[in-house]
Amino acid sequence: MNRQILLATAARTLRQLSRDHRTVAMILFLPSFLLTILYYMYRDNPLLFQSIATIMLGILPFVVMFLITSIAMLRERTSGTLERLMASPLNKLDLLFGYGVAFGLAAAGQALVTITVVYWAFDVRPTAGVFLVVVIALVNAALGVALGLFTSAFARTEFQAVQFMPLVAMPQILLCGLFVPRDQMAVVLQGISDALPLTYGVEALQEIASATPSYTTIWSNAGLVAAVSALSLALAAATLRRRTP
């Protein structure tokens, strides 16, 4: 990889993103809005809200970044921009990691806004501290970015890209332990859950919110999700091919 080309790609992506004010607003404020709804749903049970809100701080960045990244990359493919970039000295990994850096910065802004809202407005205070929540939120957002870039290769239209949400993201949300503890699931579902990366991001957040958090578990789970994100970016690079000679 070439660092200058990678940073130039990230800067170009951020400039494009900044011109789309509605998308920027959705990235920064949509998770806070959804958590506000959850707060009023569970305001009579603050302990339950704190547990759910901590987990959602990892799930919402994953979902939002997956959706936005997959559509943004699909636009690059269908508009011909990707084809022109592939004709330049740009390396595939420069392109994808440039996207990863740009949307990672967007995810960082989202995480800071969301965690500030739940910390100061809703008094959510994870046992292991806010810093680790930010780290896991960023790692989960990176996973959403990587999977979004990878799955965009299999869509031909934005409508098809959106349909990957229930196929790729929803099973991970349903089986990560948010709705039913994983040890109470059927053996088959536990096996599927073990193979899904978001499970480990959510386990890390549950550990952060527990009375006696295990920092070894938190960091090992974060490392695993980061490794899957890097692998997904490498697979996404394999899908980038010029369509014209």
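Residues satisfying the ring pair (Phe, Tyr, Trp, His ring centres under 6.0 Å) test with Phe164, not counting sequence neighbours, are none. Partners of Thr216 under the side-chain contact (heavy atoms from CB on, under 4.5 Å) rule, at least two apart in sequence or in another chain, are Ser214. For Leu7, the side-chain contact (heavy atoms from CB on, under 4.5 Å) partners are Arg3, not counting sequence neighbours. Shown here are the ring pair (Phe, Tyr, Trp, His ring centres under 6.0 Å) partners of Phe150, two or more places apart in sequence or in another chain: Phe154. Scanning for salt bridge (charged side-chain N to carboxylate O under 4.0 Å, His left out) contacts around Glu207 gives an empty result, with sequence neighbours left out. Applying the side-chain contact (heavy atoms from CB on, under 4.5 Å) criterion to Gln16, with sequence neighbours excluded, gives Arg12, Arg19, Glu76. In this structure, the side-chain contact (heavy atoms from CB on, under 4.5 Å) partners of Ala209, at least two apart in sequence or on a different chain, are Thr54. For Tyr215, there are no ring pair (Phe, Tyr, Trp, His ring centres under 6.0 Å) partners, not counting sequence neighbours.
Taking each heavy atom of Gly201 and Val225 in turn, the nearest pair found is N-CG2, 3.6 Å. Val130 approaches Pro126 most closely through the heavy-atom pair CG2-CD, 4.5 Å. Counting all heavy atoms, side chain and backbone alike, Thr151 lies closest to Ser70 at OG1-CB, 4.2 Å. Nearest heavy atom pair, residue Leu28 against residue Gly109, reads CD2-C, 3.7 Å. What you find for Met56 and Leu38 is that their closest heavy atoms are CG-CD1, 3.8 Å.
Of the inter-residue distances, the one linking Leu149 atom CG with Phe66 atom CZ reads 10.0 Å to the nearest 0.5 angstrom. Note that CE of Met65 is 12.5 Å distant from CG of Leu147, once rounded to the nearest 0.5 Å. Taking CG of Leu67 as the reference point, atom CD1 of Ile27 lies at 10.0 Å (rounded to 0.5 Å). Interatomic distance, Leu47 CG to Ser51 OG, rounded to the nearest 0.5 Å: 9.0 Å. To the nearest 0.5 Å, atoms CG (Leu132) and CG (Leu205) are separated by 9.5 Å. Between atom CD1 of residue Ile52 and atom CE of residue Met41 there is a gap of 8.0 Å, rounded to the nearest 0.5 Å.
Using a 4.5 Å cut-off between side-chain heavy atoms of Ile, Leu, Val, Met, Phe, Trp and Tyr, with links allowed through other members, Val118 and Phe33 fall into the same hydrophobic cluster. Following chains of ILVMFWY side-chain contacts shorter than 4.5 Å, one cannot reach Val187 starting from Leu175, and the two form parts of different hydrophobic clusters. In the hydrophobic clustering of ILVMFWY residues, with side-chain heavy atoms under 4.5 Å counting as a link, Leu189 and Leu167 come out together. Clustering ILVMFWY residues whenever any of their side-chain heavy atoms sit less than 4.5 angstrom apart, transitively, puts Ile71 in a cluster other than the one holding Leu74. The hydrophobic cluster containing Val168 does not contain Phe159, counting ILVMFWY residues as joined when their side-chain heavy atoms lie under 4.5 angstrom apart, directly or transitively.
Without hydrogens or angle criteria, Thr114 side chain to Ala111 main chain gives no donor-acceptor distance under 3.5 Å.
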Val124/Val133 under side chain to side chain contact (heavy atoms under 4.5 Å, CB included): CA gap, chis, key distance, verdict: CA-CA 11 Å; Val124 174; Val133 176; over 6 Å; no
Ser18/Leu14 under side chain to side chain contact (heavy atoms under 4.5 Å, CB included): CA gap, chis, key distance, verdict: CA-CA 6 Å; Ser18 65; Leu14 285 173; over 6 Å; no
Extract all donor-acceptor atom pairs below 3.5 Å that involve side chains of residues 134-146 and protein atoms in other chains or at least two apart in sequence.
{"unit_1": "Asn140", "atom_1": "ND2", "unit_2": "Gly58", "atom_2": "O", "d": "3.2"}

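Screening residues 22-48 for side-chain hydrogen bond (donor to acceptor under 3.5 Å, both in side chains), with sequence neighbours left out, gives Asp20-Thr23. Listed by first then second residue, pairs satisfying salt bridge (Lys or Arg N to Asp or Glu O under 4.0 Å) with a partner in residues 121-132 read Asp123-Arg125, not counting sequence neighbours. The side-chain hydrogen bond (donor to acceptor under 3.5 Å, both in side chains) pairs that include a residue from residues 166-184 are Arg182-Ser193, Arg182-Asp194, Arg182-Glu203, where partners are two or more places apart or lie in different chains.
Put simply, the side chain of Met170 reaches to within 4.5 Å of the side chain of Ile173, judged on heavy atoms. In this structure, the side chains of Leu30 and Val64 come closer than 4.5 Å at one or more pairs of heavy atoms.
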